[in-house]
Every structure is written in structure tokens, then in C-alpha cells.
Number of protein chains: 2
Amino acid sequence: MVGQRTTRQRTAITSLLDDLDDFRSAQQVHVLLREKGQDIGLATVYRTLGAMASAGELDTLRTESGESLFRRCERPDRHHHHLVCRTCGRTVEVQGPNLETMVRAIGAEHGFVDIEHTLELFGTCANCATL
Amino acid sequence: MVGQRTTRQRTAITSLLDDLDDFRSAQQVHVLLREKGQDIGLATVYRTLGAMASAGELDTLRTESGESLFRRCERPDRHHHHLVCRTCGRTVEVQGPNLETMVRAIGAEHGFVDIEHTLELFGTCANCATL
DNA sequence: ATCGCTAATGAGAACTACTCTCCCTATCGA
DNA sequence: TCGATAGGGAGAGTAGTTCTCATTAGCGAT
């Protein structure tokens, strides 16, 4: 639950995200909602996505151009990364089992504490590679 | 060589970058140049940094807030990542020896080919942690 | 040296992605 | 059903970056 009140807008946004598999920007979500007849303010879309993301209900990533993308989280419980097909956008959630410890080790080695990291993988999925 | 002509502005920017170790934003570079008496247009700073980056002369990364940072590349030859202090900006170039193979393995496991990845580490360096 | 082609610059407008302000609306516990 | 107040909408504001276009200046040819 993001906030205290269940509004038409929040219901529309969460149900749209439930129907989508891939990452979408706030702007795309806004347009998709409008196409479904749900005319929701852009600010509300940003607010809601931001709130859901920081509540751990959504995964986020940043495109090269600096846009934030959101997607319903499959494994909200644990830290994970994404393998995204650069052709069709298909996304797989992955975990490098050693990655987290490796990252911490690298940090410690250089005297850094409180390490955070971002890792995104981009590739071409089997399907798109054979086309 | 970024372009065809050696201008006062390009000389100033490259020599400033040579003297800096850490990542700086275009805006910071602009201010630093001004402080040195080199009054160079912000657009020129952006253009030059962008050109140098795509020529592989600079490393780039993006902060959480979406700002682009630039730094003279120490090892232009091989793929590496950065461990950046979120307080003072101190930067260490790191290589996860297993990381590259791990990444490829994860991709293969899901049938993805042609894997690229971005990994950045942010932390607090020993110096800033004790303040 | 100097000429002249045109790459490069600078000032400011424009653009993109996002956040904030402020007032109004609507949810939900009492 | 009431009313306190969380939430929403419109549009202004912001930060970072890119674009436009008139002007300047690098550099090969003369």
C-alpha cells in the first residue's frame, strides 16, 4: 500500500502496471492511461510511480538518456538486477550470487564503506538474435 | 583528436581535465575554468566533453540525479568500472576479475547474446567516513 | 603575411524530464 | 453524513542539457 487512500488514479496506475511486463517511463504510463480513457495528471503519475518505487513495489532503471523506467517488481523481497533485450525490451530479473559480496569486497579493499551499486545488463534475447 | 581545430577552449578544457583526478560535471568544469580566468561558454564545455567522451578519451557516468560526470580515462584500453565517493567524488577504477565472465554467463543462461553491462559503485571513502 | 573557407564558439532560447505550489476534490473513519 | 485531510490537477518552476544562429578564429593555400 503506497499511501492511505485508494483513489481512482492509483487503482488505474497499479492495474495498468499489472498488465505490462516491460519497463515503461512515467510519460508512457501517462499516455497509456489516457488511451484507456483514464485522464490522469502527469504529476500524479510521477508521484504515484515514485512512491511505489520507494515502497519497493516497482523496479526502476535509467536509460542512457536519463529517463527513469518503471516495472512491476517480480521479487520485491531481494536485491536483483535486470537483463534487458535491447531489441524487444524483454526483461529477466537476475541475481549474481557472488556479486553482492564481490561488490562489498571491492569497496572494503579501497577503504570505502556503505557501498551501493547499480548494475544493468543489456543484450539481445534468443528470439531477437535469430531474426 | 576530437575535432579538426585546436582552439583556446579545447586546450583549456583538456589541460584542466589532465589536472583533475575525479569525476566532474560539465557545470563544475565550466566554473573551474572561469575561476582560472578562462571564460568559456557552457555550451562549448558540453560540446567538448561530449565529443571527447564519444571519442573514448573520457570516462562518463551518471549520478542518481541524472547528471553526467566526466573524467580523464586512466586505462582507455580495457573495460573497467568506478568506485566513487558520494561525498568528495574521489574515484577508484576497479575491475571485477570474475565480473566480466559472470556477466557473460548470466546472459548465456537466459539465451541472451552480445551482452553489455553498466556497473557503478558508490560509497563513502575512508576519509569522508571519519569526518 | 594574408586570404578565405568553414569549424568552432557564445549567448540565450528551447527542450526534456521531473518536481513543486496551491487550491480544490474526494476518501474514509467517526 | 460529515468533515479532517490525503490526494489530485493545472501549470509554473527547476536542473541539466542541447539547439540556433550570428560571429569569431584556426589553418591550409596562396
Side-chain angles (χ1 to χ4, degrees), chain A residues 1-17 22-55 57-71 118 120, chain B residues 1-17 22-55 57-71 84 86 89 118 120 122:
Chain A
M1 197 74 53
V2 168
Q4 287 94 35
R5 295 183 185 176
T6 306
T7 63
R8 171 180 73 84
Q9 290 83 347
R10 289 186 183 174
T11 306
I13 291 171
T14 50
S15 92
L16 174 68
L17 289 171
D22 306 327
F23 281 91
R24 306 284 171 174
S25 68
Q27 315 259 4
Q28 288 177 313
V29 168
H30 181 231
V31 171
L32 288 169
L33 287 167
R34 174 163 290 170
E35 284 169 1
K36 292 194 162 198
Q38 294 282 353
D39 221 321
I40 296 177
L42 183 57
T44 300
V45 175
Y46 273 106
R47 267 188 298 237
T48 305
L49 292 176
M52 291 176 74
S54 61
E57 294 171 33
L58 297 182
D59 282 337
T60 62
L61 65 82
R62 259 172 192 282
T63 63
E64 258 171 81
S65 67
E67 210 175 6
S68 289
L69 303 183
F70 302 87
R71 182 178 105 124
T118 63
E120 299 301 339
Chain B
M1 196 75 54
V2 169
Q4 287 95 37
R5 294 181 187 177
T6 307
T7 62
R8 171 180 72 83
Q9 291 83 348
R10 289 185 182 173
T11 307
I13 291 171
T14 50
S15 93
L16 174 68
L17 289 171
D22 306 327
F23 279 92
R24 304 285 171 174
S25 68
Q27 315 258 5
Q28 288 176 314
V29 168
H30 181 232
V31 171
L32 289 168
L33 287 167
R34 174 162 292 170
E35 283 169 2
K36 293 195 162 198
Q38 293 283 352
D39 222 321
I40 294 176
L42 183 56
T44 299
V45 175
Y46 273 106
R47 267 188 298 238
T48 305
L49 292 176
M52 291 177 76
S54 60
E57 294 172 34
L58 297 182
D59 281 337
T60 62
L61 63 82
R62 259 172 192 282
T63 64
E64 261 169 80
S65 66
E67 209 176 7
S68 289
L69 304 182
F70 303 87
R71 182 176 105 122
V84 185
R86 64 168 73 80
T118 64
E120 298 302 338
F122 297 92

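Letters go in sequence order (proteins before strands), and every chain restarts at 1. Values below: every heavy atom of this structure, side chains too, minus hydrogens, waters and symmetry copies.
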Taken to the nearest whole Å, CG/A/Leu49 to P/C/dT19 is 10 Å

From A/Glu35 atom CD to A/His30 atom NE2, the distance as rounded to the nearest 0.5 Å
11.0 Å

Review item, nucleotides 2-6 of chain C N/O atoms under 3.5 Å of protein N/O:
{"unit_1": "C/dT6", "atom_1": "O2", "unit_2": "B/Arg5", "atom_2": "NH1", "d": "3.2"}
{"unit_1": "C/dT6", "atom_1": "O2", "unit_2": "B/Arg5", "atom_2": "NH2", "d": "3.3"}

Between A/Gln9 and the options A/Thr44, A/Leu33, A/Val45, the side chain to side chain contact (heavy atoms under 4.5 Å, CB included) test singles out A/Thr44

With a 4.0 Å cutoff (strictly under), does any side-chain N or O of B/Tyr46 reach OP1 or OP2 of D/dT18?
no

Rounded to whole Å, the CE-P distance (A/Met52 to D/dG7) equals 14 Å

Start at the 5' end of DNA chain D and walk down; is the nucleotide closest to B/Arg8 or to A/Gln9 reached first?
A/Gln9

Is the distance from OP1 or OP2 of C/dT9 to the nearest side-chain N or O of B/Arg10 less than 4.0 Å?
yes

What is the minimum heavy-atom distance between A/Glu120 and A/Thr60, and which atoms define it?
OE2-O, 4.5 Å

Just the rounded figure in Å: distance from P of D/dT14 to CD of B/Gln27.
15 Å

To the nearest 0.5 Å, tell me how far A/Gln38 CD sits from A/Leu32 CG.
12.0 Å

Value rounded to 0.5 Å, distance of CG in A/Asp59 from CG in A/Leu69
11.0 Å

B/Ala43 side-chain proximity, nearest of D/dT17, D/dA10, D/dC19:
D/dC19

Value in whole Å for how far the P atom of D/dG16 lies from CZ of A/Arg62:
12 Å

Gap between atom CD of A/Gln27 and atom OG of A/Ser68 - 0.5 Å precision
10.5 Å

Of B/Thr7 and B/Ser25, whose nearest nucleotide on DNA chain D comes first from the 5' end?
B/Ser25

Does a distance-only test, which skips hydrogens and angles, find a donor-acceptor pair under 3.5 Å between the side chain of B/Arg47 and the base of C/dG10?
yes

Is there a donor-acceptor pair under 3.5 Å between the side chain of A/Arg62 and the backbone N or O of A/Gly66?
yes

Which residues in residues 33-42 of chain B have a heavy atom closer than 4.0 Å to any atom of DNA chain C?
B/Asp39, B/Ile40, B/Gly41

Look at the side chain of B/Arg10 and the backbone N and O of B/Arg5, then say whether any donor-acceptor pair between them is shorter than 3.5 Å.
yes

Report which part of the nucleic acid B/Ser65 touches: base, sugar-phosphate, or nothing (heavy-atom distance under 4.0 Å, all strands).
nothing

B/Arg71 CZ to B/Leu17 CG distance, which is reported to the nearest 0.5 Å
11.0 Å

When the distance from NE2 of B/His30 to C1' of C/dT9 is rounded to whole Å, what number comes out?
12 Å

Atom CD of A/Gln28 and atom P of C/dC18 are separated, to the nearest Å, by 11 Å

Calculate the interatomic distance between B/Glu67 atom CD and C/dC18 atom P; express it in whole Å.
15 Å

Counting only side-chain nitrogens and oxygens, does A/Thr44 get under 4.0 Å of the OP1 or OP2 atom of D/dG7?
no

To the nearest angstrom, the CD-C1' distance between B/Gln4 and D/dA25 comes to 15 Å

Out of curiosity, B/Asp22 CG to B/Phe70 CZ, how far, rounded to the nearest 0.5 Å?
15.5 Å

Which of C/dC28, D/dT18, C/dT9 is nearest the side chain of A/Thr6? It is C/dC28

